J.: 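I have a structure I would like to understand better, so I am pasting it below and will then ask my questions one at a time.
Note that the structure is predicted; figures quoted are calculated from it, not measured. In listed order, ligands and their atoms are each counted from 1.
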Amino acid sequence: MDKLVIEGGVPLNGEVAISGAKNAALPLLCASLLSAEPLTLTQVPQLNDVRTMEKLLTQMGVKRSSGVPGEVTLDAASIDWPLAPYELVKTMRASILALGPLVARCGEARVSLPGGCAIGLRPVDQHVKGLAAMGAEIDLENGYISARAKHLTGTQFVFDLVTVTGTENLMMAATLADGTTVLENAAREPEIVDLADCLNAMGARVAGAGSDRIVIEGVARLHGATHRIMPDRIETGTFLAAVAATGGDALLRGTRAGTLDAVVEKLREAGATIVTDGDTMRVSRTTPLTASGLRTTPFPGFPTDMQAQFMALATCAQGTSVITETIFENRMMHVQELVRLGASIEVEGNTAIVKGVTHLAGADVMATDLRASACLVIAGLIAQGKTTIGRIYHLDRGYEHIEQKLGALGARITRIN
Ligand code: EPZ
């Protein structure tokens with residue numbers, strides 16, 4: 001099994017290009033199920049989760065073709081098998097995003113219930129409740145969601161809580177429903193706006209994406225389109241935090257300002273200088289890191305997907321940072337690994353109290369989930385001496401060529417197996 005070995009203590013300098021967003025790519029790939037005409041996506045990140053989603057779609061009968069690197073065309077003219085099997089869903093819970101489009105397009109779907117997850121229980125009750133409100137008949141049996149509807153019907157649906165993929169699933173389903181659907185208390189993440197832009201390019205009528213009230217007027221069918229996937233704001237945030245943590249100076253290319261303001265705000269509070277210019281962001285730090293607490297909330301608040309990376313930075317900040325996780329009930333698994341590197345962190349419930357130390361010291365650590373592994377990479381870059389990170393298959397799910405990109409910024413990082 002692959003591991004990463006990092007010799008820390010080197011400031012990151014230079015330039016890096018940001019990839020397409022994983023959390024935009026996954027629902028966009030599923031949007032191809034909504035039309036009998038081809039959907040072409042560009043800036044598709046080369047990630048394990050993207051490959052899993054493509055496998056899920058092709059086993060349903062979707063034809064996949066790829067011309068230039070980063071470009072994928074999906075042709076769902078015929079969907080022979082509206083099934084998302086447990087074997088695939090257990091490896092990637094985002095497979096649930098096939099449910100809405102399949103019911104809307106094929107009138108039926110059989111999707112494995114995603115099992116448990118390292119960061120929390122993560123039920124999908126809102127996805128199911130919303131589809132039932134649109135008239136789908138739903139059975140949960142033998143670990144599968146079976147949904148049928150001759151035609152979905154537009155309705156007013158209020159989410160009990162803010163859910164990103166729940167909003168995406170119902171928004172996609174509503175594009176082919178009879179009548180108008182209004183989604184209230186919807187998630188506002190930029191990936192939802194990117195999906196709505198693509199759906200509208202396919203002939204859908206989605207309004208209000210990015211706000212907590214989304215209105216979708218159903219249409220009879222959608223046509224083909226070409227859509228460029230937005231830049232990955234979490235990858236952007238991860239690199240901003242890595243450069244700020246090591247005290248470097250770097251230019252990030254292909255970013256999108258306005259999609260991670262809360263992260264930029266917190267990094268500035270911690271002592272980083274961040275200058276945005278068009279689709280570039282320059283980050284540097286010359287003054288000591290200072291403690292800065294945070295609380296994760298849905299967009300536009302501080303994203304839970306940046307909590308762990310920011311905690312790595314806080315381990316060597318002057319003062320105490322109080323970090324509270326409100327989205328997932330078990331997203332502090334990286335804490336004990338940081339303590340192995342010499343960090344001083346106490347956890348009370350979903351709050352971590354991080355007392356800054358003068359330095360971290362390299363050690364063997366283990367990744368437990370995608371963002372925890374990014375946190376350990378940043379901690380390894382800060383630490384004196386050698387850090388070895390195990391189970392980096394978590395990292396490969398969401399970061400494209402991370403050691404090459406960090407290597408280009410001067411990091412001493414190698415992958416061994
Ligand atoms: C999306 O997950 C992202 N994944 C996650 O990124 C991200 O952490 C999360 O949104 C929050 O921003 C993708 O977009 C593929 P939620 P999602 O539904 O949609 C509860 C990463 O690191 N909930 O917004 O699954 C749920 O348990 C990943 O890239 C219900 O109770 O998250 C959680 O506590 C990790 N019932 C909260 O809502 C439901 O039906 C928010 O979850 C749905 C969710």
J.: Indicate yes or no: at least one non-hydrogen side-chain atom of Met172 is less than 4.5 angstrom from one of Leu199.
T.: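 In short, these two side chains touch, coming nearer than 4.5 Å.
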
J.: Donor-acceptor pair, Arg268 side chain versus Ile274 backbone, under 3.5 Å?
T.: yes

J.: Of the backbone atoms (N, CA, C, O) and the side-chain heavy atoms from C-beta on, which set of Arg331 has a member under 4.0 Å from an atom of ligand 1: side chain, backbone, both, or neither?
T.: side chain

J.: With Lys22, which residues qualify under side-chain hydrogen bond (donor to acceptor under 3.5 Å, both in side chains), at least two apart?
T.: none

J.: For Val335, does its backbone N or O pair with a side-chain atom of Arg340 as donor and acceptor, under 3.5 Å?
T.: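 Looks like no, no N/O pair under 3.5 Å.
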
J.: With no hydrogens and no angle check, just 3.5 Å: does a side-chain donor-acceptor pair link Thr180 and Glu217?
T.: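 The answer is no; no qualifying pair exists.
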
J.: Can I get a per-line list of side-chain donor-acceptor pairs under 3.5 Å for residues 144-154, giving both atom names and the distance, sequence neighbours left out?
T.:
from	atom 1	to	atom 2	distance (Å)
Tyr144	OH	Tyr86	N	2.8
Ser146	OG	Arg110	NH1	3.2
Arg148	NH2	Asp139	OD2	3.1

J.: Quick one: do Glu37 and Arg221 satisfy salt bridge (Lys or Arg N to Asp or Glu O under 4.0 Å)? Show the steps, please.
T.: CA-CA 10 Å; Glu37 295 175 26; Arg221 68 188 58 73; over 6 Å; no

J.: Quick one: look up the protein heavy atom nearest atom 36 (N) of ligand 1 and list residue, atom name and how far away it is.
T.: Asp125 OD1, 2.7 Å

J.: Can you pull out the closest protein heavy atom to atom 9 (C) of ligand 1? Residue, atom name and distance to 0.1 Å, please.
T.: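 That would be Phe328 CZ, 3.9 Å.
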
J.: Does any N or O of ligand 1 fall below 3.5 Å from an N or O anywhere on Glu168, backbone included?
T.: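 No.
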
J.: With a 4.0 Å cut-off on heavy atoms, does Leu121 reach ligand 1?
T.: no

J.: Where is the nearest protein heavy atom to atom 40 (O) of ligand 1: which residue, which atom, and how far?
T.: Gln126 N, 2.8 Å

J.: If only atom types and distance count, is the side chain of Glu189 paired as donor or acceptor with the main-chain N or O of Phe299 below 3.5 Å?
T.: yes

J.: Can you tell me if Thr238 and Gln309 form a side-chain donor-acceptor pair at under 3.5 Å?
T.: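 A donor-acceptor contact under 3.5 Å links the two side chains.
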
J.: Contact between Met53 and ligand 1, counting heavy atoms under 4.0 Å?
T.: no

J.: At under 4.0 Å between heavy atoms, which part of Val164 makes contact with ligand 1: side chain, backbone, both or neither?
T.: both

J.: Return the residue, atom name and 0.1 Å-rounded distance of the protein heavy atom closest to atom 38 (O) of ligand 1.
T.: Leu161 CD1, 3.3 Å

J.: Among all protein heavy atoms in this structure, tell me which lies nearest to atom 25 (O) of ligand 1, with the distance rounded to 0.1 Å.
T.: Arg122 NH2, 2.9 Å

J.: Report the member of Arg397, Arg371, Glu235 with the shortest heavy-atom distance to atom 29 (O) of ligand 1.
T.: Arg371

J.: Using side-chain contact (heavy atoms from CB on, under 4.5 Å) as the criterion, point out the one residue from Thr324, Leu260, Val263, Thr297 that pairs with Phe302.
T.: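 The option that passes is Val263.
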
J.: Can you confirm, on distance only, whether ligand 1 has an N/O atom lying under 3.5 Å from any N/O atom belonging to Thr304?
T.: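 No, Thr304 has no N/O under 3.5 Å of an N/O on ligand 1.
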
J.: Provide, to 0.1 Å, the distance between atom 8 (O) of ligand 1 and the closest protein heavy atom, together with that atom's residue and name.
T.: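 Atom 8 (O) of ligand 1 sits closest to the protein heavy atom Asp305 OD1, 2.6 Å.
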
J.: Any idea which atoms of ligand 1 are less than 4.0 Å away from a heavy-atom of Lys22?
T.: 21 (C), 29 (O)

J.: Looking only at protein heavy atoms, which one is nearest to atom 34 (O) of ligand 1, and what is the separation?
T.: Ile327 O, 2.6 Å

J.: Would you indicate whether the side-chain heavy atoms of Leu170 and Thr181 approach each other to under 4.5 Å?
T.: no

J.: Only heavy atoms of Val162, strictly under 4.0 Å: list the atoms of ligand 1 that pass.
T.: 24 (O), 41 (C)

J.: Could you establish whether Thr167 and ligand 1 come within less than 4.0 Å of each other, counting only heavy atoms on the residue side?
T.: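 No heavy atom of Thr167 comes that close to ligand 1.
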
J.: Atom 44 (C) of ligand 1: which of Pro123, Pro298, Gly166 has the nearest heavy atom?
T.: Pro123

J.: Quick one: which ligand 1 atoms are inside 4.0 Å of a heavy atom on His127?
T.: 40 (O)

J.: I need the nearest protein heavy-atom contact for atom 18 (O) of ligand 1: residue, atom name and distance, please.
T.: Thr163 OG1, 2.6 Å

J.: For Thr40 and Thr73, test the side chains for any donor-to-acceptor distance below 3.5 angstrom and give the result as yes or no.
T.: yes

J.: Hey, are Asn350 and Glu329 close enough side-chain-wise for a donor-acceptor pair under 3.5 Å?
T.: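 No, no side-chain donor-acceptor contact under 3.5 Å.
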
J.: Between Glu191 and ligand 1, which part of the residue brings a heavy atom under 4.0 Å of the ligand: side chain, backbone, both or neither?
T.: neither

J.: Check each of Val283, Thr259, Leu240 against Val264 using the side-chain contact (heavy atoms from CB on, under 4.5 Å) test, and report the only one that passes.
T.: Leu240

J.: Do any N/O atoms on Asn23 end up under 3.5 angstrom from N/O atoms on ligand 1?
T.: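 So ligand 1 has an N or O lying under 3.5 Å from an N or O of Asn23.
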
J.: I want to know if ligand 1 touches Leu370 in the polar sense, i.e. an N/O pair below 3.5 angstrom.
T.: no

